[in-house]
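To start, the structure under review is shown below, and the notes come after it.
Convention: sequence-line order gives letters A, B, ...; per-chain numbering from 1. Quick caveat, the model's predicted, so the values are computed rather than measured.
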Amino acid sequence: MMPTQPARVRFAPSPTGRLHIGGARTALYDFLYARKTGGQFILRIEDTDRKRYDPEAEQEFYETLRWLGLDWDEGPDIGGPFGPYRQSERMEIYQEYILRLIDAGSAYYCFCSAERLQQVRELQQKRKEPPHYDGHCRTIPPDEAKQRVAAGEPSVVRFKVPRPGRTTAVDLLRGEIAVENSSIDDYILLKSTGMPVYHFAAILDDHLMGITHVLRGSEWLPTFPLHVLIYEAFGWEQPVWVHLSVLLNPSGKGKLSKRHANAEKSGSRAVFALDLREMGYLPEAVLNWIGLMGWSYDDHQEFFPMDEFISKFSLEKLNPSPAAVNFSKLDHFNGLHIRALSTDELTNRLVPFFEQAGLPAEREMISEITPLVQERIRTLDEAVEMARFFFKEEIPVDREDLIGKNLSTDESAHALEQAAAVIESLNSLEQAPFEQALRDLADDLDLKAGQLFGMLRMAVTGQRVSPPLIESMTIVGREKVLDRIQKATTILRQSG
RNA sequence: GCCCCCAUCGUCUAGGGGACCAGGACGUAGGCCUUUCAAGCCUAAAACGGGGGUUCGAAUCCCCCUGGGGGCACCA
């Protein structure tokens, strides 16, 4: 398939909070399209809202994006030919362009106080009208307005929506969206502080930074025509607009948002991308998961390593309808990606989790454990639970748990003693002969292999569920195995 | 209230007039395998929201209704 022209695509989060999976998904699509077309993936920080500004957010954006492997080509931290990439550092640019708009008659100063605006809104609400600016300052002669501004009167700048009129905006996924201009408000472009508002800053920066494709959330659909009007006022060519579907809560009720963050997390689910890391999810699995909410390739492939994601991604296959997130599918993808890792690489990913758990985990030890758990874990932290017994000196076990299935206490103790004898007699705990010896023992004792293995599992690991027994015992080592079996029989022989 | 968007199994989706008694995936149920748990394999239940058109023919095109979502700030 012939790729299109190199695209310049931007991810432009606002540092008002942590990056959630919806944002991560947008970043993924941005990244994929830029890489697919051989273009650039640009990171821009939209920090024009100083009231909601969170100083830690920007750093977390970096950390999240880096963890996910979505590397950007231009951004606040690495610069680039179209900087600065932080909107708060682009004030002069906004000043210059707002003047152009005013001079062209496409924007005007507004001196209405917050109180008056509030009154207007209340009145409109009483009359059941949609709240909007009433155009009070729209007709002030430009010269007079400039004088008042020069005299120091507080003001904002509003966009002068052409009236009457009708505006058609084109979204790649939805086609033409036409609205009456009467339904578009004279939005504020520049606040009284001189700070631009999203509607102005984003549009300006997208153009100035040469953005060719704008991928953003569908919450921008209502103001989409306004944005088109601003492009037209400047006489600029528009980018390709793509409004992404929103992510809904697992219930499908309401959009997944920061408001639900705590509730979601308490259910051991996270809406913040970085939390997924601590929960034992692989970045490639997270990407695979979020990528498939709102995008699909065909009717059978769902597993996408990054290289295939890039080669097979296309904007046209994006789905405009909202999608409810499904966390169990994340588990599924995580399992798939864990199994796709080389054991060496899995070991790398596992090490931090063992360290985190405070276990004396040496890489060499973990690399022995890795193949035993690779097939059976869905999240990395599960490996720790499953393998905990490898690191413990003492294995606390209840007496009842040690009794074999359908066996008496006495029979159980006897079987364990016999097993210990067999293990002691072996030259080495080499896999195949070791297993055979135990199976032979089970036969001799007239037990099913499962009965014997079950008791040994409990005695040696202290767990009902564990990695394969033979391999586990080999790793634990003969001495410790015998010691644990010995302790188990002692418990069984006690106060029978 | 007004404006905008969306609509296939519980969920994510394939489908772009006949190839669909609608395919895949997660989950669920059952089975096989099996030293536990998984993994793997097999099977099953499960959907085109409703009503009108257009057409020889509609999940696919149009309209209405309904439902869901989003937005209506000197927030993004």
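A/E302 contributes a side-chain N or O that forms a donor-acceptor pair with the base of B/rG24 under 3.5 Å.
Listed nucleotides: B/rG40, B/rG27, B/rA25. Nearest to the side chain of A/R339: B/rG40. Comparing B/rA38, B/rU13, B/rG27 by their nearest atom to the side chain of A/S328 picks out B/rG27. With B/rA14, B/rG69, B/rU11 as the choices, the nucleotide that has an atom nearest any side-chain atom of A/L248 turns out to be B/rG69.
Residue A/W289 contributes atom CH2, which lies 13 Å from atom P of B/rU13 at whole-angstrom precision. Rounding to whole angstrom units, CD1 of residue A/I21 and C1' of B/rC12 are separated by 13 Å. Residue A/D185 contributes atom CG, which lies 8 Å from atom C1' of B/rC72 at whole-angstrom precision. Here the C1' atom of nucleotide B/rA14 and the NE2 atom of A/H300 are 11 Å apart, to the nearest Å. When the C1' atom of B/rC72 is taken as reference, atom NE2 of A/H132 falls 11 Å away, rounded to whole Å. Rounded to whole Å, the distance from CG on A/L256 to C1' on B/rC12 is 14 Å. Remark: P of B/rA73 and CG of A/L226 are 12 Å apart, rounded to the nearest angstrom. In this structure, A/Y297 atom OH and B/rG23 atom C1' are separated by 17 Å, rounded to whole Å.
Pair assignment for B/rC37: none, as no Watson-Crick or G-U wobble contacts are both less than 3.5 Å. Pairing for B/rU60 is absent, judged as Watson-Crick or G-U wobble with the two contacts each under 3.5 Å. Pairing partner, B/rC26: B/rG10, with both Watson-Crick or wobble hydrogen-bond distances short of 3.5 Å. In a base pair of the Watson-Crick type (N1 to N3 plus N6-O4 or O6-N4) or a G-U wobble (N1-O2 and O6-N3), with each distance short of 3.5 Å, B/rC2 is matched with B/rG71.
Aromatic rings of A/F11 and A/F61 (six-membered ring for Trp) have centroids beyond the 6.0 Å cut-off, not under it. Taking the six-membered ring for Trp and the full ring otherwise, A/Y29 and A/F313 have centroids separated by under 6.0 Å. A centroid separation of less than 6.0 Å is found between the aromatic rings of A/W241 and A/F224.
With hydrogens and angles left out, the side-chain atoms of A/S321 and A/N319 include a donor and acceptor closer than 3.5 Å. Between the side chains of A/N334 and A/T379, not a single donor N or O lies within less than 3.5 Å of an accepting N or O.
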Name the pairs: protein N/O against N/O of nucleotides 33-37 of chain B, kept only if under 3.5 Å.
from, atom 1, to, atom 2, distance (Å)
B/rU35, OP1, A/R439, NH1, 3.2
B/rU35, OP1, A/R439, NH2, 2.4
B/rU35, O2', A/R457, NH1, 3.4
B/rU35, O2, A/R457, NH2, 2.6
B/rU36, O4', A/R457, NH1, 3.4
B/rU36, O2', A/R464, O, 3.3
B/rU36, O2, A/S466, N, 2.8
B/rU36, O2, A/S466, O, 3.0
B/rU36, N3, A/R457, NH2, 3.4
B/rU36, N3, A/S466, O, 2.6
B/rU36, O4, A/P468, N, 3.3
B/rC37, O2, A/R376, NE, 2.9
B/rC37, N3, A/R376, NE, 3.0
B/rC37, N3, A/R376, NH2, 2.7
B/rC37, N4, A/R376, NH2, 2.9

Pairs under 3.5 angstrom, nitrogen or oxygen only, protein versus nucleotides 64-66 of chain B, please.
none

What N/O pairs connect the protein and nucleotides 43-48 of chain B at under 3.5 Å? Give each pair on its own line.
none

Listed pairs, N/O of protein and of nucleotides 2-9 of chain B, under 3.5 Å:
from, atom 1, to, atom 2, distance (Å)
B/rC5, O2', A/R174, NH1, 3.0

Polar atoms only, N or O, under 3.5 Å: list the protein pairs with nucleotides 74-76 of chain B and their distances.
from, atom 1, to, atom 2, distance (Å)
B/rC74, O2, A/S192, N, 2.8
B/rC74, O2, A/S192, OG, 2.9
B/rC74, N3, A/S192, OG, 3.1
B/rC75, OP2, A/K191, NZ, 2.7
B/rC75, O2', A/D49, OD2, 2.4
B/rC75, O2', A/R52, NE, 3.3
B/rC75, O2', A/R52, NH2, 2.9
B/rC75, O2, A/R52, NH2, 3.0
B/rA76, OP1, A/T48, OG1, 2.6
B/rA76, OP1, A/K191, NZ, 3.2
B/rA76, OP2, A/Y198, N, 3.2
B/rA76, O3', A/E46, OE1, 3.2

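In terms of heavy-atom proximity, A/V170 sits nearest to A/E176 at CG2-CG, 4.1 Å. In plain terms, the two heavy atoms of A/R163 and A/D186 that are nearest each other are NH2-OD1, 2.8 Å.
Around atom NZ of A/K448, no more than 12 heavy atoms belonging to other residues, nucleotides or ligands sit under 6.0 Å away. Heavy atoms from other residues, nucleotides or ligands lying under 6.0 Å from CG of A/D298 number more than 12.
In this structure, A/G294 reaches the sugar-phosphate backbone alone: every heavy-atom distance under 4.0 Å involves primed, P, OP1 or OP2 atoms, never a base.
Just one residue in the list A/W289, A/W295, A/F333 forms a ring pair (Phe, Tyr, Trp, His ring centres under 6.0 Å) with A/F304, and that residue is A/W295.
Cation-pi check for A/R158 over A/Y133 is met; the charged atom lies under 6.0 angstrom from the ring centroid and within 45 degrees of its normal.
Place A/Q301 and A/M293 on RNA chain B by their nearest nucleotides, and A/M293 ends up nearer the 5' end. Where A/V246 and A/F333 meet RNA chain B, the nucleotide closest to each residue was compared, and A/F333 sits on the side nearer the 5' end.
Formation of a donor-acceptor pair under 3.5 Å by the A/S14 side chain with backbone atoms of A/E46 is found in this model. At least one donor-acceptor pair under 3.5 Å links the side chain of A/R478 to the backbone N or O of A/L426.
Shown here are the ring pair (Phe, Tyr, Trp, His ring centres under 6.0 Å) partners of A/Y62, two or more places apart in sequence or in another chain: A/W72.
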Determine, step by step, whether A/E122 and A/K126 satisfy the salt bridge (charged side-chain N to carboxylate O under 4.0 Å, His left out) criterion, reporting the C-alpha distance in whole Å, the side-chain angles of both residues, the deciding distance to 0.1 Å, and the verdict. CA-CA 6 Å; A/E122 277 167 19; A/K126 239 176 245 168; over 6 Å; no
